[in-house]
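The structure appears below as structure tokens.
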Amino acid sequence: MSDRVPITHPDKVLFPADGVTKGDLVAYYRAVAPRMLPLISGRPVTLQRFPDGIGRGGFLQKQVGRHFPDWIERVTAPNRRTRQATVREEVTYAVCRTADDLAYLANQGCITPHVWLSRVPDIHHPDQMVFDLDPASEDLGPLRLAAASLHGLLDELGLASFLKSSGSRGLHVVVPLVPAAETDAVKVFSIAVAEALAARHPDDFTTEGRIAKRNGRLYLDIGRNGYAQTMAAPYAVRARPGAPVSVPLDWSELDDWVPGQHTVATIDDRLARPDPWDGIEAAATRLDEAGARLAALG
DNA sequence: GCAGTCG
DNA sequence: CGACTGCAACGCTCA
DNA sequence: TGAGCG
């Protein structure tokens, strides 16, 4: 435990149904830090904080608090996509690099860090593209089908993809990229992929944002690929009963995985084994060749 | 969790 | 002094 | 023009 991150009220209960305290949360983030930090280092962070526990309302925080210690790295980024000749609002985000950073945020009641898909200093060129698979029901069949078929489609396009639980009900499929394309281009590409997948399974999946038009189909959400958008960080704890966590999964685990399987209390089992996302950075590719293949699919 | 503001 | 209040905000689609 | 949606 580091002297520079004093934990205030470590026995304060943040998950009433589970008895998980703030001290437990800090210990969790310190335990997963060796796995988590390489995946989130350099990414601007939005904090989802519940200082009074998940039973009370939480809030999102982008702008670093004025009281945050100066050893927390920051990056200032435009609030929104740059527009010509308009006044540009800016936000100064925290950037996690060390276990102390995670511990400090946890002490602030940050249960879930949400991270950008790009890293400083190259924040306008994402190094990841993400597909959020949002199930319409408790039935895991469509969710598993979506993940597996998306994995297959991306493979056809020559893109490596990595699976993680969202920590909530769904799954995230992450494609590592060589940071080259602009955020908008990545988003456009992800839309095309999602629509191609939905076209292959029109009765099961949709890219339709409106619930009324989904007709019970699983939602392929690519919205997280937009500028200044975030996803729940790998190994992030979610503010839900059971203190579930978002964990990297091996593709071979897909058919056995169930929502809520991995929690603050069970994470040690996974830390004892190699990380399923080992090699994710080495697998990064550019989108241009994949774009040609996608166009050829018709 | 904390700083700022209100009464 | 204690009580109260922020702490995000993009782009899309449809009423 | 505004609200739901993520």
Side-chain angles (χ1 to χ4, degrees), chain A residues 5-14 21-23 25-26 43-69 72 74-83 86-94 102-118 123-124 126 130-136 146 166-172 182-188 190-192 194-195 198 205-232 238-239:
Chain A
V5 186
I7 303 306
T8 56
H9 310 293
D11 297 328
K12 185 167 192 173
V13 175
L14 298 184
T21 65
K22 195 164 76 170
L25 186 71
V26 171
R43 303 189 187 282
V45 182
T46 295
L47 315 177
Q48 191 179 10
R49 297 177 57 189
F50 295 83
D52 297 315
I54 66 170
R56 307 285 201 91
F59 57 93
L60 288 146
Q61 181 173 10
K62 292 182 169 182
Q63 179 73 40
V64 294
R66 282 182 290 282
H67 62 283
F68 280 33
I72 300 249
R74 296 136 203 262
V75 61
T76 299
N79 208 358
R80 61 193 70 194
R81 200 179 53 209
T82 311
R83 294 186 204 289
T86 55
V87 178
R88 168 194 294 188
E89 288 181 48
E90 295 186 318
V91 176
T92 300
Y93 292 85
L102 289 172
Y104 180 82
L105 298 184
N107 185 59
Q108 289 293 301
C110 175
I111 290 177
T112 313
H114 298 257
V115 295
W116 282 35
L117 303 182
S118 59
I123 58 170
H124 296 288
V130 63
F131 298 86
D132 180 3
L133 310 181
D134 187 12
S166 72
S168 181
R169 300 172 61 220
L171 293 166
H172 293 162
E182 302 278 344
T183 304
D184 283 358
V186 174
K187 182 174 178 179
V188 165
S190 70
I191 290 170
E195 289 180 344
F205 316 142
T206 179
T207 59
E208 183 58 64
R210 298 190 91 231
I211 286 180
K213 297 186 74 173
R214 287 186 202 159
N215 284 359
R217 292 171 292 177
L218 176 145
Y219 177 40
L220 302 171
D221 182 6
I222 51 72
R224 312 271 71 78
N225 295 307
Y227 177 77
Q229 297 299 105
T230 59
M231 71 168 168
R238 306 311 299 270

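A note on names: the letters A, B, ... follow the listed sequences, proteins ahead of strands, and every chain is numbered from 1.
Each of A228(A) and R210(A) was assigned the nucleotide of DNA chain C with the nearest heavy atom; the assignment lying further toward the 5' end belongs to A228(A). With DNA chain C read from its 5' end, the first of the two nearest nucleotides for T230(A) and K187(A) is the one closest to T230(A). Summary of the strand contacts: R66(A) and L14(A) both lie near DNA chain B, and taking for each the nucleotide with the nearest heavy atom, the more 5' one is attributed to L14(A).
Nucleic acid contact for R214(A): sugar-phosphate only, since backbone atoms but no base atoms lie under 4.0 Å from a heavy atom of the residue. Using a 4.0 Å heavy-atom cutoff across all strands shown, Q63(A) reaches sugar-phosphate atoms only and no base atom. Across all strands shown, D52(A) has no heavy atoms under 4.0 Å from either base or sugar-phosphate atoms.
Nucleotide dG6(D) holds its P atom 15 Å from the NE2 atom of H114(A), rounded to whole Å. Across the protein-nucleic acid pair, D184(A) atom CG and dC10(C) atom P stand 13 Å apart, rounded to whole Å. Taking atom CD of Q48(A) as the reference point, atom C1' of dA9(C) lies 15 Å away to the nearest angstrom. Atom CD in Q229(A) sits about 8 Å away from atom P in dG11(C), given to the nearest Å. Separating the CZ atom of F59(A) from the C1' atom of dG6(C) is a distance of 8 Å, rounded to the nearest angstrom. Following rounding to the nearest Å, W116(A) (CH2) and dC10(C) (C1') show an atom-to-atom distance of 12 Å.
Under the 4.5 Å side-chain criterion, counting only non-hydrogen atoms from C-beta, R49(A) is in contact with C110(A). Looking at heavy atoms from C-beta onward, N225(A) lies in side-chain contact with L117(A) at the 4.5 angstrom threshold. Proximity of V91(A) to T76(A): side-chain heavy atoms (C-beta onward) are nowhere separated by under 4.5 Å. For the pair H114(A) and T112(A), the minimum side-chain heavy-atom distance is below 4.5 Å. Taking 4.5 Å as the limit, some side-chain heavy atom of V13(A) sits within range of a side-chain heavy atom of T21(A).
The footprint of chain A on DNA chain B, defined by a heavy-atom cutoff below 4.0 Å, extends from dG1(B) to dG4(B).
Between the NZ atom of K187(A) and the OH atom of Y227(A) there is a distance of 13.5 Å, given to the nearest 0.5 Å. For the atom pair F205(A) CZ and Y219(A) OH, the distance stands at 15.0 Å (nearest 0.5 Å).
Shown here for G57(A) and F50(A), the closest heavy-atom pair between the two residues is C-CD2, 4.2 Å.
Side-chain atoms of K12(A) come within 3.5 Å of backbone N or O of P51(A) as a donor-acceptor pair.
Near DNA chain B, meaning a heavy atom under 4.0 Å away, there are no residues from residues 215-224 of chain A.
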